[in-house]
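Whatever order the structure lists them in is the order used to number ligands and atoms, beginning at 1.
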Amino acid sequence: MSAKLIKGTEVREEILEEITSEVAQIKERHGVVPGLVTILVGENPASMSYVTLKIKTAHRVGFKEIQDSQPADMTEGDLLNLIERYNNDDSINGILVQLPLPKHMNEKKILNAIDPDKDVDGFHPINVGRLMIGGDEVRFPPCTPAGIQELIVRSGVETSGAEVVVVGRSNIVGKPIANMMLQKGDGANSTVTVVHTRTKNMDQHCKRADILIVAAGVPGLVKPEWIKPGACVIDVGVNRVGEKISEKTGKKIAILKGDVDFEAAKEVAGCITPVPGGVGPMTITMLMKNTLKSLKFKLGIA
Ligand code: GUN
């Protein structure tokens with residue numbers, strides 16, 4: 001058997017089109033568009049390319065977009081002042097400070113300075129709390145978990161009563177997606193197990209999963225024997241395992257491998273996300289959705 005491929009690249013196009021038309025409608029009725037600012041401190045090449053893609057996508061869906069690049073030796077106080085300026089800027093609905101920050105800055109202090117109502121990354125403790133409570137309290141689900149849930153739902157996979165096993169307990173993926181899948185509501189209502197580095201018999205837990213979400217950061221960790229036949233497998237791993245020359249551009253690019261042994265797993269799973277082209281494209285898409293949601297909250301139409 002060969003699993004159905006869950007293509008994030010295709011789902012991204014669907015959602016970006018939905019966002020584009022909603023932005024146009026809001027512009028016509030209310031005379032405003034969502035505003036997103038990305039703040040990049042320093043010149044980390046991976047961060048620069050992520051931010052460029054975020055800004056390009058924001059432009060494509062009709063947002064006002066600002067890329068605010070700052071020098072690596074900027075002081076923490078200056079960054080706090082800059083965030084405060086955007087907190088008070090009415091044309092900005094989403095503020096994203098690209099991580100990682102230079103070592104001389106306290107990441108927690110910086111993220112906590114963002115107005116929770118503009119925290120489209122969903123990293124502020126207030127938004128983590130809102131997510132935990134669930135239902136109407138939720139404002140900005142963090143982008144990667146939100147993308148995972150969209151992929152599951154849009155693939156037609158039943159989540160209600162499903163056994164979901166999450167591999168990994170990070171604040172950015174494992175903990176929030178586990179929390180989201182156990183909430184009452186559509187696309188959730190699952191029975192959730194979280195496994196991690198100290199879990200005994202990890203394979204036995206995984207084998208029970210109707211939906212297996214893997215965010216461990218270990219290339220090829222999940223073997224085909226760990227997968228229940230017909231299960232939905234979501235691979236969040238993006239591991240750089242080498243470099244190659246791109247056929248399209250002739251430039252050097254990273255060779256990416258997921259946390260799941262894809263070639264073997266696709267013979268057992270019912271559906272599976274590839275790496276690249278699965279969960280990856282969804283993260284920026286959900287950032288756009290959160291920024292639009294932020295404006296809708298402000299307008300009282302969310
Ligand atoms: N660096 C890598 N991923 C992310 C993300 O999702 N948000 C922010 N702010 N920084 C990142």
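Under 3.5 Å, the side chains of R12 and T57 contain no donor-acceptor pair of N or O atoms.
Here D121 has side-chain heavy atoms under 4.0 Å from ligand 1, and that is the only part of it that gets that close. The residue T144 has no part lying near ligand 1, judged by heavy-atom distances below 4.0 Å.
At the shortest separation from atom 11 (C) of ligand 1 among protein heavy atoms lies Q98 NE2, 3.4 Å.
Salt-bridge annotation for K54 and D121: absent, with no side-chain N of the basic residue lying under 4.0 Å from a carboxylate O of the acidic one. Note on R29 versus E22: no salt bridge recorded, every NZ/NE/NH1/NH2 to OD/OE distance being 4.0 Å or above. Ion pair E150/K289 flagged as a salt bridge, since at least one NZ, NE, NH1 or NH2 atom sits closer than 4.0 Å to an Asp/Glu carboxylate oxygen.
Every N/O-N/O distance between P100 and ligand 1 stays at or above 3.5 Å. Not one N or O of T283 is nearer than 3.5 Å to an N or O of ligand 1, by distance alone. Between L96 and ligand 1, no pair of N/O atoms sits closer than 3.5 Å.
Of the listed residues (T291, L287, N290, L40), just one forms a side chain to side chain contact (heavy atoms under 4.5 Å, CB included) with L96, and that residue is L287.
Those atoms of ligand 1 that come under 4.0 Å of a heavy atom in V97, given as number and element, are 8 (C), 9 (N). Listed by number with element, the atoms of ligand 1 under 4.0 angstrom from any heavy atom of F123 are 7 (N).
Hydrophobic clustering (ILVMFWY, side-chain heavy atoms < 4.5 Å, transitive): V97 and M286 are in one cluster.
Considering N44, I95, L99 only, the shortest heavy-atom separation from atom 10 (N) of ligand 1 involves L99.
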Stepwise salt bridge (Lys or Arg N to Asp or Glu O under 4.0 Å) check, R60 with E13: CA-CA 11 Å; R60 172 182 159 184; E13 293 309 306; 2.8 Å; yes
